[in-house]
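Structure record follows, encoded as structure tokens.
One-based numbering, in listed order, for ligands and for the atoms of each. This chain uses plain numbering: 1 for the first residue, then up along the sequence.
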Amino acid sequence: MCGIFAYTGKKKNSAKLVIEGLKRLEYRGYDSWGIAYKSGKDIHIHKEVGKIGEFKIEGSKFDPSNIAIGETQDTQVAIGHSRWATHGGVNEKNAHPHFTEDKDIVLVHNGILENYKELKTYLQKRGHKFISKTDTEVIAHLIEEHAQNHNFEEAARLAMQEMEGRYAIVVINKQNNQIVAARKGSPLIIGVGEKEFYIASDIPAFLPYTNKVIYLDDYQIANINEGKIKFYDTQKREEVEKRIIEIDWDEESAEKGEFPHFMIKEIMEQKDSLSRAINQDPSIIEKVAKEIRSAGSIYLTGCGTAGKVAMVAQYLFGEVSKLQSHFYFGSEFLSQAGFLNKKSIVIAISQSGETADTMEALEMAKEKGAKIVSIVNVENSSMARISDFVIPIKAGPEKAVASTKATSSQLAILTLLAYAMDGGIIIGKQLLINTTSQINDMVNPRYEDHIMKIAKKIKDIESMYIIGRGKNYPIALESAIKLQEVSYIHAEGFAGGELKHGPIALISQGTPVIALVSNDQHKKDILSNSIEIKSRGGFIIGIAPENDEAFDFWIRVPDTGETSPIVNIIPVQILAYQLAVLRKNNPDMPRNLAKSVTVK
Ligand code: M6R
């Protein structure tokens with residue numbers, strides 16, 4: 001949800017460097033972009049509507065290398081932003097960076113300033129003029145207001161005290177070469193080089209230059225000046241020391257390689273990503289399993305796809321571990337506040353570890369004294385850092401907006417956890433090793449070609465449905481998300497048994513319906529549901545270990561028992577990808593969506 005990238009150091013042409021970094025963050029926001037860079041005392045700003053990924057300096061009217069930044073000053077300073085619009089339409093005026101009238105203060109922002117209206121009214125009365133419709137511009141003027149009586153860093157600090165909501169900001173000013181960065185609720189990470197610093201919403205932006213990182217925490221401000229960095233905690237009102245962490249993601253895993261899109265690359269990587277998830281040190285899983293077992297009440301939370309994974313866990317905990325748990329989406333968690341106490345345990349599932357709604361649920365649970373477990377891909381994310389226990393899923397960087405490999409790895413960890421709670425982590429691991437080895441039969445071109453036959457047949461349809469039962473019911477819901485977000489086809493998932501209570505009225509001649517079938521206690525019933533649909537003209541695409549007379553088209557999946565959610569979602573991921581490509585959509589950057597949803 002908006003990408004921030006900034007640089008200060010001795011590398012020549014920081015503007016070009018920031019543009020390249022923003023391209024690596026495009027998955028966070030891609031409706032418009034902009035950069036600001038210092039040249040002498042001046043701050044130059046350039047903004048454009050459209051995808052930063054499609055911008056080429058060669059042939060463009062805007063070429064930052066024409067402005068001899070390197071010759072006019074030694075220390076380079078540049079900030080940049082790719083936008084996912086919240087306040088104000090998509091146009092150059094509303095694109096970041098935002099600035100005060102004579103560009104004294106220039107900043108980029110990720111998040112939402114909740115009290116911007118009140119602050120704007122106050123600032124307008126004080127004579128400030130606004131040119132955009134954004135909440136962000138208000139922050140620039142607020143800092144300027146305080147800068148009348150305070151130095152730049154202090155002005156930013158005072159502004160932060162008045163700002164409500166979740167945000168990450170990076171600010172520069174005309175007077176000197178300082179960069180001030182601050183966060184509350186939205187991610188901001190500092191890459192540390194040799195007397196140089198990178199500031200970004202996510203690590204891949206600066207991974208080609210350094211793997212040494214500092215995570216800025218909520219209410220903290222970083223002040224970078226002439227090769228030195230200092231941190232200040234606005235709550236403790238004191239300077240703080242921060243730890244440099246070396247991370248081990250290599251740059252290559254964040255690149256597309258031979259694949260046309262990240263989405264298909266990430267789908268095809270699932271054998272390896274699953275192996276990494278299940279072959280990690282089991283002690284943390286056993287420890288968490290013990291904590292969950294002894295908790296007074298168990299809650300699961302997450303949003304979107306991660307929410308559907310949490311729903312699968314509810315079934316796994318019930319069936320495998322014989323434990324009752326409660327699932328609520330992060331955005332719906334607030335109404336459970338009254339039930340949370342010191343004996344509760346809340347398990348959050350998230351790829352990014354930054355999703356605002358899930359974070360808010362965890363913050364609330366923490367306040368109530370509940371224990372927090374997070375199952376995340378980004379190991380040092382905000383969720384990981386407020387949790388009592390963290391289980392990393394080890395999927396590696398997931399860049400496509402549609403979650404695929406993170407989903408299967410989350411499912412694998414929750415399966416292990418369910419078995420560990422039943423005292424059988426070894427049985428769970430063996431089951432997952434077997435599943436992983438059988439995934440080879442699915443992540444290959446022959447399997448893709450088979451699914452392409454059905455993708456071509458249904459590519460122009462308006463609506464489709466997915467049915468499942470038991471733990472494949474949440475997978476039907478997840479299948480719908482996958483199809484919606486990249487193919488833009490209207491897709492809905494239902495519990496098989498619920499069809500005859502209403503949704504079956506939607507079926508007409510040729511309506512495609514995917515039936516998720518596995519060899520479990522629900523097999524007979526889901527096949528009957530498929531026959532009911534077929535007899536009303538529906539076209540049944542069966543995802544199942546064996547073919548059946550109910551199916552008009554069969555996609556074979558291996559028979560892996562309890563891990564059927566993992567194998568059943570993979571063909572749907574492939575189908576969604578193929579439909580996106582056939583319908584000429586960009587599967588990596590679907591319209592209106594961003595990878596990391598750091599606003600409520
Ligand atoms: O980073 P998270 O897993 O917390 O993200 C939660 C959802 O925003 C995410 O799963 C979203 O639904 C995906 N785009 C689905 O593919």
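Counting only heavy atoms of the protein, atom 6 (C) of ligand 1 lies nearest to C303 O, 3.2 Å. The protein heavy-atom contact nearest to atom 5 (O) of ligand 1 is T355 OG1, 3.4 Å. Among all protein heavy atoms, the one lying closest to atom 8 (O) of ligand 1 is V597 CG2, 3.9 Å.
Applying the 6.0 Å contact sphere to NZ of K23 captures more than 12 heavy atoms from other residues, nucleotides or ligands. Other residues, nucleotides and ligands contribute at most 12 non-hydrogen atoms within 6.0 Å of the NZ atom of K459.
Listed by number with element, the atoms of ligand 1 under 4.0 Å from a non-hydrogen atom of E485 are 13 (C), 14 (N), 15 (C), 16 (O). Heavy-atom contacts of S352 reach the following atoms of ligand 1: 1 (O), 2 (P), 4 (O) (cutoff under 4.0 Å). If you number the atoms of ligand 1 from 1 as listed, the ones under 4.0 Å from a heavy atom of Q351 come out as 1 (O), 2 (P), 3 (O), 4 (O). For ligand 1, the atoms closer than 4.0 angstrom to any heavy atom of A306 are 3 (O), 10 (O). The contact set between ligand 1 and G304, taken as ligand atoms under 4.0 Å from a residue heavy atom, comprises 12 (O). Close approach of ligand 1 to A402 (heavy-atom distance below 4.0 Å) involves ligand atoms 16 (O).
Residue I349 places no N or O, backbone or side chain, under 3.5 Å from any N or O of ligand 1. Considering backbone and side-chain N/O atoms, T305 comes within less than 3.5 Å of an N/O atom of ligand 1. Of the N or O atoms in S350, one or more lie within a sub-3.5 Å distance of an N or O in ligand 1.
Partner of I543 under the side chain to side chain contact (heavy atoms under 4.5 Å, CB included) criterion, chosen from L575, I514, N472: I514.
Between F55 and W33, the angle of the ring planes lies from 30° to 60°, which puts this pair in the tilted group. By the 30° and 60° cut-offs, the orientation of the rings of H96 relative to H81 is parallel. In this pair, F329 and F327 present their aromatic rings perpendicular. The plane angle is above 60°, beyond the 30 to 60° band.
When non-hydrogen atoms are compared, ligand 1 lies under 4.0 Å from the side chain of K482 (C-beta onward) but not from its backbone.
Annotation: side chain of V513 is not in contact with side chain of I541 (no heavy-atom distance under 4.5 Å). Counting heavy atoms from C-beta on, the side chains of V373 and V288 come closer than 4.5 Å.
Within the 4.0 Å heavy-atom cutoff, V401 counts among the residues contacting ligand 1.
In this structure, R183 fails the cation-pi test against Y167, since its NZ or CZ atom is not both closer than 6.0 Å to the six-membered ring centre and inside 45 degrees of the ring normal.
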